[in-house]
Each structure stands twice: as structure tokens, then as C-alpha cells.
Amino acid sequence: MPDSGRLPDLATLLAGVADGQGGSITPPIYQTSLFSFDSFADFEDRMAGRTNQPIYTRVQNPTVAAFEAMMAAAEGAEAAVGFASGMGAISATLMAFLRPGDRVACVEHVYPDTYRFMERILRPFGIAVDYHPLAAFEDDPDLLKGVKVAYLESPTSVVFSVLNLPKVAAHAKRHGVISMIDNSWATPVHQRPVLSGIDIVLHSASKYISGHSDTVAGVVVGSAAQMATIRDLSLPLFGAKLAPFEAWLLIRGLRTLVPRMRQHQDTADLFVDRLSALPFVRRVNSPGANATPGLTGRSGLMSVEFDDSVKVPELADALRHFRLGVSWGGFESLILPASVGLAQAGEFNSMRRFGVSPNLVRLSLGLEAAEDLWADIESALQHSRT
Ligand SMILES: *Cc1c(COP(=O)(O)O)cnc(C)c1O
């Protein structure tokens, strides 16, 4: 059973990991595409795999490597590979391990673009994808029989339901299944799935890891052997590499991740208490510490389902601090009404497929003062109720 409480504090763990040379406390940005060699022999040794000097930034770059080292340390894993986006990391990881004829078991309410990747890329390439309720992953010991990859989120997108990760990891191990989880919501501050036995951890680093809504990036973390497969295959050949400047921003973001997550949690705790007490709130979806084994805290991303007395369009338009928008994990607070997601054009709409109430809204609680955010919601609710 994982006990993240006894691990070193994450901020302490990451101190100094990405320092530069000569006392520089930040690493340089290696803004270069290529690395040249001193001699024919050096060049040949590198190409033959006898040394490991970077050759070309599509595969290796020291600034990116510094970020990858921080992420591996943060998740308690052996290695990490950075990507240009969360979807770059997710697609490259799935494509590194899946072949036509394979089967994926995926959670319901998976991130909408991951759902579209399953339906629009994997399925046409001859890979079967089945979606299962979370309870089936936990309670059906044979669910993963014949499956190649178990694709997990905990909490899931939109409705934020949690999985018992040690239990699912044990089922996956017994059936020889590669288990992968999108850990963007919890971050390694609140959940380190590798310690629960999950093989591979994925992140949209565009969210809490960057923390400032100023870059799109992704990262995958896992065993040295699995990361070597990705670095050999889908990183270079799809080419969705993380850029050195973006990696530098992510290093900066990681250094404040712990205190930012603490403040997001404090604000979220206040919102959960007060929203749950309102008679016209049907549900607050916001798992916190001990909601499931290995989860040690609550992030600032939650959803709230109102009864029909709340008019969501009026609520959204009456808010002053909360902005309307996708994404999350930055300084600013955001609201995303489910009805907007349900209205999104196109055939492959995960919210329509898995079912979400149009009276649900997703809130990303930012770093503004909690009481100011609460006052904003309270007054907007007054304007929006009939
Ligand atoms: C945003 C997001 C992604 C996709 O990440 P990008 O960086 O936008 O490509 C994947 N999973 C979750 C849970 C997300 O919120």
C-alpha cells in the first residue's frame, strides 16, 4: 500500500535537480537544434550507441533532460520523456505499445481528446477499444484478460470519479497488461501512481505543472525500459518533442508546484464545504485526501451539479473573477459549463457518449483569494436563480 505521507516533501526532493553550472540556480536554455562532435571517433561512438551525448533536439536536449529528471523524481519513477503537449505524450505512448489486433480497456469519462484519439486513430488502425465503468476495473478480476493496455484516469475528467489504483494495478500485473494513467489532475503532489504499481504516468504539463497558462506541453513517466521504447520509437518518429524553452518554463513551474497546489486545495476545501451546504446543489465532484488509496489531496479542479433553479448561462455571464474557458491549472479561475461541452460539434463527443448533466459546471479554482472567489460565485448564483 502506498504511503505518500512518508516520502520526502516533493519540493525538497526537486531542489537542485535542474540547477545549471557554476552556481547558477536555473539551467540554461539550450536553444539549439544540433550538437556537434569533436572528432570522427566521437561521432561514430555516439551513433553506435557507445556514448550518450545529445545529437539532435528532436530526441535529446539538456534543458528538456533536466525537466525530465525532475518529473521522474517527482513521480518516483526511473525515467521520463517530455512532449510538445499532453496529447503528444498520450498518443506517442499509446502508439509505442499498441499494434493492430490489440485491445485497450479505457475508463469512461476519459479526457475528450483522448476519447477522440481512441475512436478516430486507434480504432481505424485496427485496435479495439472498450470503455468500462470504474467499478468494473476494480471488481471484475477478469476484465483485463486479453487486454494490452489499461488506460486510466483517476479522478476521471468532468465527473471526477476515483479508482482504487493498487487494486487495478494488481489486476493489470496478473494479466500482463500495461497500465497507464493520466495524472494531470492530482499531480505528483497528491498522487504518485507508480508507487501504487501503475506502469506509466502521463501528464498534460499545460495544466498544474506549468501553472501559468503560458505553455502547452506534456510528459510521460515510467520504467527506464518503457521510456527507452518511447524515446526510440514514437518520440523521434512522430516528432512531437518538447522544446527547450517550454522545458525551462516547466522547470520553473515545478519549483512552485507544492505551494500552488496547497493554495488550490485550501480554496477547493472552502468551496466544497460551502457548495455542499446549498439546497440547490445536487452534487459536488471533488475527491480529496483518502477518497481512494494513494490520493493525498484535492486539486482546484472540480465540478458542481445544480438543480434546475440555477440557469447556467446566467451564472456564467454574471461571474466577474471566473473567466469562461477550457484548460485549467493556471493562476486564473475558470468556469466551463457542461452544456458548452455537450454542444461541441462533431460525432465523437465523450460528454454525450458517457452522459453528463447540462446543469453541471466545471470550476478551476485559481490562485486568487478564496473569499473573493466565493463572493463572486455567491452573487452570480443569486443573479442566476429563478
Ligand atoms: C488538457 C488535458 C490533456 C491534453 O493535454 P494538452 O497539453 O492540451 O495536449 C490530457 N488530459 C487531461 C486530463 C487534460 O486536462
Side-chain angles (χ1 to χ4, degrees), residues 85-87 89-91 94 104-124 129-137 150-163 180-186 202-204 206-208 213 216 218 268 271 275 280-287 299-308 310-317 319 322-330 333-365 384:
S85 66
M87 284 313 300
I90 291 166
S91 57
L94 287 167
V104 177
C106 183
V107 293
E108 292 180 341
H109 294 288
V110 68
Y111 176 69
D113 274 342
T114 304
Y115 171 70
R116 279 184 272 269
F117 184 80
M118 303 279 177
E119 295 300 313
R120 305 191 67 187
I121 305 280
L122 293 187
R123 205 181 288 287
V129 185
D130 304 306
Y131 303 90
H132 305 286
L134 299 191
F137 277 94
Y151 191 91
L152 313 171
E153 290 183 7
S154 179
T156 57
S157 294
V158 188
V159 294
F160 304 104
S161 308
V162 290
L163 263 177
M180 305 180 181
I181 187 169
D182 183 330
N183 200 33
S184 309
W185 181 96
L202 295 150
H203 283 279
S204 168
S206 322
K207 314 294 167 52
Y208 285 127
S213 305
V216 171
F271 267 65
L275 285 167
F280 48 89
V281 167
R282 282 205 185 116
R283 254 186 91 78
V284 181
N285 302 307
S286 174
S299 90
L301 190 73
M302 61 174 65
S303 61
V304 189
E305 192 183 327
F306 297 108
D307 71 15
D308 294 337
V310 175
K311 302 296 168 227
V312 169
E314 279 82 345
L315 170 71
D317 285 338
L319 286 164
F322 286 82
R323 306 188 193 196
L324 276 155
V326 298
S327 196
W328 46 275
S333 292
L334 295 162
I335 181 169
L336 174 62
S339 47
V340 172
L342 288 163
Q344 187 175 5
E347 187 189 341
F348 298 96
N349 185 312
S350 58
M351 287 169 74
R352 287 203 293 269
R353 166 145 187 188
F354 300 119
V356 176
S357 161
N359 253 26
L360 178 134
V361 301
R362 192 185 75 179
L363 298 177
S364 174
L365 302 171
S384 67

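- Atom CG of Leu301 is separated from atom CG of Leu363 by 8.5 Å, given to the nearest 0.5 angstrom.
- Checked by atom type and distance alone, the side chain of Trp185 never pairs as donor or acceptor with a backbone atom of Thr156 at under 3.5 Å.
- For Arg120, there are no salt bridge (Lys or Arg N to Asp or Glu O under 4.0 Å) partners two or more places apart in sequence or in a different chain.
- Between Leu202 and Ala89 the shortest heavy-atom distance is CD2-O, 3.7 Å.
- Between the side chains of Asn359 and Ser357, no donor N or O sits under 3.5 Å from an acceptor N or O.
- In this structure, the side chains of Leu94 and Ile121 stay at 4.5 Å or more apart for every pair of heavy atoms.
- Note on ring orientation: taking the six-membered ring where Trp is involved, the planes of Phe354 and His109 are tilted (angle from 30° to 60°).
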task = Please step through side-chain contact (heavy atoms from CB on, under 4.5 Å) for the pair Phe348 and Arg353, ending with a clear verdict.
result = CA-CA 8 Å; Phe348 298 96; Arg353 166 145 187 188; over 6 Å; no
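- The backbone N or O of Ile181 sits nowhere less than 3.5 Å from a side-chain atom of Glu153 that would complete a donor-acceptor pair.
- Taking the six-membered ring for Trp and the full ring otherwise, Trp328 and Tyr208 have centroids separated by under 6.0 Å.
- Here the closest non-hydrogen pair linking Phe280 and Val310 is CD1-CG2, 3.5 Å.
- Closest non-hydrogen pair, Arg362 versus Ser327, comes out as NH2-O, 3.0 Å.
- Atom CZ in Arg323 sits 9.0 Å away from atom OG in Ser213 (nearest 0.5 Å).
- Of the possible donor and acceptor atoms, none in the side chain of Ser303 sits under 3.5 Å from a partner among the backbone N and O of Val159.
- Contact of the Leu163 side chain with the Val107 side chain is registered, since non-hydrogen atoms from C-beta on lie closer than 4.5 Å.
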request  = Could you walk me through whether Val340 and Leu324 pass side-chain contact (heavy atoms from CB on, under 4.5 Å), step by step?
outcome  = CA-CA 10 Å; Val340 172; Leu324 276 155; 5.8 Å; no
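- The minimum heavy-atom distance linking Cys106 with Met118 is given by the pair SG-CE, 4.0 Å.
- Summarising the geometry, atom OH belonging to Tyr115 is positioned 13.5 Å from atom OG belonging to Ser157; distances are rounded to the nearest 0.5 Å.
- The backbone N or O of Val162 lies less than 3.5 Å from no partner atom in the side chain of Ser154, so there is not a single donor-acceptor pair.
- Counting all heavy atoms, side chain and backbone alike, Pro337 lies closest to Val312 at CB-CG1, 3.6 Å.
- For Asn349 (side chain) and Gly341 (main-chain N/O), a donor-acceptor pair under 3.5 Å exists by modelled atom type.
- Counting only heavy atoms from C-beta outward, the side chains of Phe322 and Leu365 approach each other to under 4.5 Å.
- Pairs passing the salt bridge (Lys or Arg N to Asp or Glu O under 4.0 Å) check and including a residue from residues 108-118, sequence neighbours excluded, read Asp113-Arg116.
- A distance-only check finds no donor-acceptor pair linking the side chain of Thr114 to the backbone of Val110 [under 3.5 Å].
- Atom-to-atom distance recorded for His203:NE2 and Ile90:CD1 is 10.5 Å, nearest 0.5 angstrom.
- With values rounded to the nearest 0.5 angstrom, His132 atom NE2 is found 15.5 Å from Tyr151 atom OH.
- Using a 4.0 Å cut-off between a side-chain N of Lys or Arg and a carboxylate O of Asp or Glu, Arg283 and Glu305 do not qualify as a salt bridge.
- Between Ala268 and Gly300, the shortest heavy-atom contact is CB-CA, 4.3 Å.
- Atom CZ of Arg123 has more than 12 neighbouring heavy atoms from other residues, nucleotides or ligands inside a 6.0 Å radius.
- Rounded to the nearest 0.5 angstrom, Ser299 OG and Lys207 NZ are separated by 11.5 Å.
- Between Pro112 and Ser350, some side-chain heavy-atom pair lies under the 4.5 Å cut-off.
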